[in-house]
There are 2 protein chains.
Amino acid sequence: MFTIGRNTDYASRIVLHLACLEPGARVTAADIASRRLIPSAFIRRIVSRLSAVGVLATVRGSGGGIALARPAAQITLREVVEAFEGPLSLNVCVASPAICPLSVTCPVQQAWVGATQHLAAFLTGVTFGDLAREIRDPQSVP
Amino acid sequence: MFTIGRNTDYASRIVLHLACLEPGARVTAADIASRRLIPSAFIRRIVSRLSAVGVLATVRGSGGGIALARPAAQITLREVVEAFEGPLSLNVCVASPAICPLSVTCPVQQAWVGATQHLAAFLTGVTFGDLAREIRDPQSVP
DNA sequence: CGTAATGTTACCAGAATAGTAATCTTTATC
DNA sequence: GATAAAGATTACTATTCTGGTAACATTACG
């Protein structure tokens, strides 16, 4: 079973949480942590990463907090995944073909490239605007 | 970067190697290991697993060896992947939703289910018959 | 029985993962 | 400007996973 890591999962919960609030709403990391069941010490690094990547905008200091850096409809699941997992690559020979001495004419490598592209396209098509709408109005996307 | 493991990669090379031979051809593990650059001690477990899953047929003892258990066209890349990675599941909450207390109405979980299904469908569509044909006749599938 | 082959198990070192904790920086407010 | 609230950064740990090695067991042919 090859899966995304917990970081990525938590990150998507955080972004989803913000996407469900009023546009531009700002909340504290501790608040998200408690509501979304994320280890509170953990959330710091995740938020930090997401803001470095341009998904979140943070405000330090008293009264500060976390908000989406862009409208939720412009944030894709792929972006969040790649922030933690690196560029999508279902096999090492996809990201760095040189690692495999056989890769030049290897059809399996081609297959993995194709699979990776398919997955990437799917994840690009999922925005947090869509996901938030599913929560607000479950009927809209059955 | 979340990728398949080396086991899975090696396994696909082994099956591909056999798929390129005459149908029913039987060769030794050591032979495959040397030709496909797989650690020779490693290949035992891999072959053993693949035969347990019904992809390979092995014959023990002197003069024994390894062959495909079925025509290459009936062996999918998905099958080989799942033999080593377990059932496809891009997030833990896909395989076991109970693990996440939020999963009941979690749209991200839905997204991961969809992504997993897409990937599974893609990998089901890739057979080692196709892959072997690409090697024999690169023009046929450009 | 000896040899050639796969099957199985145990083991190891290094890396990654999940999670914790402590400390530093920034900034709003009083 | 002192204080406290908030995020930023770094280090650390325990556990698991991974890739790989090695040894031994089993089977079968001649």
Side-chain angles (χ1 to χ4, degrees), chain A residues 1-14 18 25-34 36-69 81 83-86 89 91-93 99-100, chain B residues 1-14 18 25-34 36-69 81 83-86 89 91-93 99-100:
Chain A
M1 179 168 70
F2 62 109
T3 69
I4 59 170
R6 309 300 299 136
N7 276 321
T8 306
D9 189 41
Y10 289 151
S12 60
R13 287 192 216 171
I14 293 170
L18 291 165
R26 186 197 296 156
V27 296
T28 70
D31 182 55
I32 301 179
S34 67
R36 291 283 167 173
L37 307 177
I38 301 171
S40 62
F42 224 1
I43 205 173
R44 306 259 184 78
R45 272 177 314 191
I46 296 175
V47 166
S48 172
R49 186 66 148 284
L50 286 173
S51 79
V53 166
V55 168
L56 300 184
T58 63
V59 176
R60 285 182 161 197
S62 175
I66 303 164
L68 296 182
V81 170
F84 292 89
E85 310 288 344
S89 168
N91 194 356
V92 287
C93 66
I99 219 173
C100 173
Chain B
M1 178 167 73
F2 60 111
T3 68
I4 59 169
R6 310 300 299 136
N7 276 322
T8 307
D9 189 42
Y10 290 151
S12 60
R13 288 192 215 171
I14 294 169
L18 291 165
R26 186 196 298 156
V27 296
T28 70
D31 182 55
I32 301 179
S34 67
R36 291 283 166 172
L37 307 177
I38 301 170
S40 62
F42 222 57
I43 206 172
R44 304 261 185 79
R45 271 179 316 190
I46 297 176
V47 166
S48 170
R49 186 66 148 284
L50 286 173
S51 79
V53 167
V55 168
L56 299 184
T58 62
V59 176
R60 285 184 162 197
S62 175
I66 303 166
L68 296 183
V81 170
F84 291 90
E85 309 288 344
S89 167
N91 194 355
V92 286
C93 67
I99 218 173
C100 173

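Convention: sequence-line order gives letters A, B, ...; per-chain numbering from 1. A quick note: this is a predicted structure, and the numbers were derived from the prediction, not measured.
Shown are A:Leu50, A:Ile4, A:Val53; of these, the side-chain contact (heavy atoms from CB on, under 4.5 Å) with A:Phe84 is made only by A:Leu50. Results of the side-chain contact (heavy atoms from CB on, under 4.5 Å) test with A:Ile66 over A:Leu56, A:Asp31, A:Ile43 single out A:Leu56 as the only residue that passes.
Here the nucleotide nearest the side chain of B:Ser48, chosen from C:dT8, D:dG20, C:dT3, is C:dT8. Listed nucleotides: C:dT6, D:dG20, C:dG7. Nearest to the side chain of B:Pro39: D:dG20. With D:dA6, C:dG7, C:dA21 as the choices, the nucleotide that has an atom nearest any side-chain atom of A:Thr28 turns out to be D:dA6. Here the nucleotide nearest the side chain of A:Arg45, chosen from D:dC24, D:dG7, D:dT10, is D:dT10. If you check D:dG19, C:dT25, D:dT21 against the side chain of B:Asn7, the one that comes closest is D:dG19. In this structure, of C:dA5, D:dA8, D:dG7, it is D:dA8 that holds the atom nearest to the side chain of A:Ser51.
Atom CD1 of B:Ile43 and atom C1' of C:dT8 are 16 Å apart (whole Å). For the pair A:Phe84 CZ and C:dA18 P, the computed distance is 12 Å after rounding to whole Å. Regarding B:Ile46, its CD1 atom lies at a distance of 17 Å from the P atom of C:dT9, rounded to whole Å. Atom P of nucleotide C:dT17 and atom CZ of A:Phe2 are separated by 15 Å, given to the nearest angstrom. The nearest whole Å value for the distance from the CG atom in B:Leu56 to the P atom in C:dG7 is 9 Å. Spacing between atom CD1 of A:Ile4 and atom C1' of C:dT17 amounts to 14 Å, rounded to whole angstrom units. Between the CD1 atom of A:Ile38 and the C1' atom of C:dT17 there is a distance of 17 Å, given to the nearest Å. In this entry the distance linking CG of B:Leu37 with P of D:dG20 reads 12 Å, nearest Å.
At a threshold of 4.5 Å between non-hydrogen side-chain atoms, the residues B:Val59 and B:Arg26 count as touching. Side-chain contact check for A:Arg49 versus A:Val55: every heavy-atom pair is 4.5 Å or farther apart. The shortest side-chain heavy-atom distance between B:Val81 and A:Phe2 falls under the 4.5 Å cut-off.
Comparing A:Phe42 and A:Gly64, the nucleotide of DNA chain C nearest to each residue sits closer to the 5' end for A:Phe42. Residue whose closest nucleotide on DNA chain D sits further toward the 5' end, between A:Val47 and A:Gly63: A:Gly63.
Cation-pi check for B:Arg13 over B:Tyr10 is not met; the charged atom does not lie both under 6.0 angstrom from the ring centroid and within 45 degrees of its normal. Both tests do not hold together for A:Arg45 against A:Phe42: distance to the six-membered ring centre under 6.0 Å, angle to the ring axis within 45°.
In terms of heavy-atom proximity, A:Ala25 sits nearest to A:Ala67 at O-CB, 3.3 Å.
Residue A:Ser62 has no polar side-chain atom (N or O) positioned under 4.0 Å from OP1 or OP2 of D:dT3. Between B:Tyr10 and D:dG19, a side-chain N or O to OP1/OP2 separation shorter than 4.0 Å is absent. Contact between the side-chain N/O atoms of B:Thr58 and the OP1/OP2 oxygens of C:dG7 is found at a separation under 4.0 Å.
Residue contacts for B:Arg6: at a heavy-atom cut-off of 4.0 Å it reaches the sugar-phosphate backbone alone, with no base atom in range.
Over its length, the helix from C:dC1-D:dG30 to C:dC30-D:dG1 turns its helix axis by 10°, as judged from the five terminal pairs at each end, rounded to 10°.
Not a single donor-acceptor contact under 3.5 angstrom links the side-chain atoms of A:Arg44 to the base of D:dG7.
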